[in-house]
Amino acid sequence: MSFVSEGAELRGRVAAESDLGFAEPSLATVGDYIALLKPRVMSLVVFTALVGLAVAPGSLHPVAAFTALLCIAVGAGASGALNMWYDADVDAVMTRTARRPVPAGKVKPGEALAFGLTLSGFAVVTLGILVNWVAGALLAFTIFFYAVVYTMWLKRSTPQNIVIGGAAGAFPPMIGWAAVTGSVSLESVLLFAIIFFWTPPHFWALALYKTDDYARAGIPMLPVVAGDVSTRRQILLYTLILVPFGIAPWALGFAGIVYGAVSVVTGAIMLALAVRVLRESRPADRAARNLFAFSILYLFLLFATLLVERGWGGLMARLAA
Amino acid sequence: MDEPRKEEEGIVLTEAQKRARRSRSIAIALALGALVILFYIMTLVKGPAVLIRPM
């Protein structure tokens, strides 16, 4: 079964059915354009970038910090718009994504592309000029990685799509860190690694109970290509790698005892849920849904604890200075 | 005697399209205004250092 050819065929069909040009005046509202930015994904990106920014050593003026977060948010939104432009064909056949503005016909593909490119340019140049060019370059690379490497290349060609593509979602704390320090260090790489290894169990848990959706769209997600059992094993394997990385900031003295306790307890729950996903026979819906939901809480708790424990004091001191 | 004016050619927007265009135009104006204010404030924040641009 060739997912590439199936995807191409589907793409051609949807392209033929939809108007790709600008001939017909648009009915797109501001709300439709905001939906293109994937606000929920954007909020997680802003949060992890804030943590990177707050825990980084050194000082940054509050207005510059706000500017950095704004640019990272807009850059993330722009890559979301580019993703929706390119993936309109597969989004149209998946229940989870069929109501997105492009497949729903509210925004034309050309409009989404222009919107994504314009915002990308503004976000990168503004971050570079007003904060620093290391952060600007990292943001540019992140947008490129998500829109081109993940969306255009990996997503339709390999079941390892979200493993490698997960790097795009892992960059924001590193960009936040670079906005303050102008460099990349071991601590920021650690924050990157936590999100990087968190992505596979998170998305494969979702893919386990959305397998039909992905198969219909011709996306070679791991459960579609390698099957249910193999995916559950891989989920456990990546969770086993993720948990030590989650604890590492405390183990390496980069975070305090509260973070240590939170990372150990939540890591144990993640592992228990991953084991339950492995043991549960078909359909793995319930266990997979539980793991998917908890994985979001897990990442949030790790970063929130880091923010409160290490970052908040520093952030307040900077604001008071 | 003048000939009757030919009906204007091209696309004529519906009311809904005009409303959507107007809301988009206002959003673009607000976004550009915010960008100008952001650059102005950051210039004040940086002071003379705004001219120093290490790569």
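Every chain is numbered from 1, with letters handed out A, B, ... down the list of sequences.
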Less than 4.5 Å apart, any side-chain heavy atom of Ile26(B) and any of Val30(A)?
no
Crowded around Lys106(A) NZ? As in, over 12 foreign heavy atoms under 6.0 Å?
no
If you take all heavy atoms of Lys46(B) and Val131(A), which pair is closest and at what distance?
NZ-O, 4.2 Å
Chain B: which of Thr126(A), Asp32(A), Leu70(A), Thr29(A) shares the most heavy-atom pairs with it under 4.5 Å?
Thr126(A)
Quick check on Leu35(B) against chain A: is it the side chain, the backbone, both or neither that has a heavy atom closer than 4.5 Å?
side chain
Other residues, nucleotides and ligands only: do more than 12 of their heavy atoms fall within 6.0 Å of CZ on Phe122(A)?
no
From the list Ala137(A), Ala28(A), Gly136(A), the residue making the most non-hydrogen contacts under 4.5 Å with chain B is Ala28(A)
Quick check: do Ser26(A) and Arg21(B) have side-chain heavy atoms less than 4.5 Å from each other?
no
Point-to-point distance, once rounded to the nearest 0.5 Å, from CZ of Phe66(A) to CD1 of Ile41(B)
9.0 Å
Which value, rounded to the nearest 0.5 Å, describes the distance between Arg24(B) atom CZ and Leu27(A) atom CG?
8.0 Å
